[in-house]
Amino acid sequence: MARITYSGRQLMRAAQRYEEGLLDKVSDIVFETARLIQTQAKALAPVDDGSLRDSIEMKMLGKYNAVVTVGVHYAVNVCRPYW
């Protein structure tokens, strides 16, 4: 069996690289999830003139925060039956 040794500095660098890669993946997952929610909301929105569908937007509020919004004032009344 091979023997593996790490100094404290090497171990800390390896842990930091792992953490950076992991946090990048989490950020990607947040972005993709919000994009999927936006896409699904647009697909389910009833279409008359398309303004409701076109007003559904996704915005990243930071690296790990996203929000999907609807911009038209009547969205609550139109979407209420689906709740």
> Does the pair V67 and M60 meet the rule for a side-chain contact (heavy atoms from CB on, under 4.5 Å), with working shown?
Replying inline: CA-CA 6 Å; V67 64; M60 292 295 291; over 6 Å; no
How long is the gap from [atom1] on [X] to [atom2] on [Y], to the nearest 0.5 Å?
X: S51; Y: Y74; atom1: OG; atom2: OH; value: 2.5 Å
X: M58; Y: T69; atom1: CE; atom2: OG1; value: 10.5 Å
X: R17; Y: E20; atom1: CZ; atom2: CD; value: 9.0 Å

> Is the shortest distance from a Lys or Arg side-chain nitrogen in D24 or K63 to a carboxylate oxygen in the other one below 4.0 Å?
Replying inline: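 Result for this pair is yes, salt bridge flagged.
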> Charged N to carboxylate O below 4.0 Å: is that the case for R35 and E32?
Replying inline: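 Looking at E32 together with R35, the answer is yes, because their closest N to O distance falls below 4.0 Å.
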> At their closest point, which heavy atom of V30 faces which heavy atom of N65, and how far apart are they?
Replying inline: CG1-N, 4.1 Å
> Do you know which two heavy atoms are closest between A45 and I56, and how far apart they sit?
Replying inline: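 So the minimum-distance heavy-atom pair works out to CB-CD1, 4.2 Å.
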> What do you reckon, is CG of D48 surrounded by more than 12 foreign heavy atoms closer than 6.0 Å?
Replying inline: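 No, CG of D48 has 12 or fewer neighbouring heavy atoms, counting only those of other groups under 6.0 Å.
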> Can you check side-chain contact (heavy atoms from CB on, under 4.5 Å) on V70 and L52, steps first, answer last?
Replying inline: CA-CA 7 Å; V70 180; L52 174 62; 3.7 Å; yes
>> Please check this pair: side chain of E57 against backbone of G71, looking for a donor-acceptor N/O pair closer than 3.5 Å.
In response: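 No, because the side chain of E57 does not come within donor-acceptor range (under 3.5 Å) of the backbone of G71.
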> Distance-only, no hydrogens or angles: does the T33 side chain make a donor-acceptor pair with backbone N or O of I29 under 3.5 Å?
Replying inline: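 Yes; judged by distance alone, with no hydrogens or angles, the pair exists.
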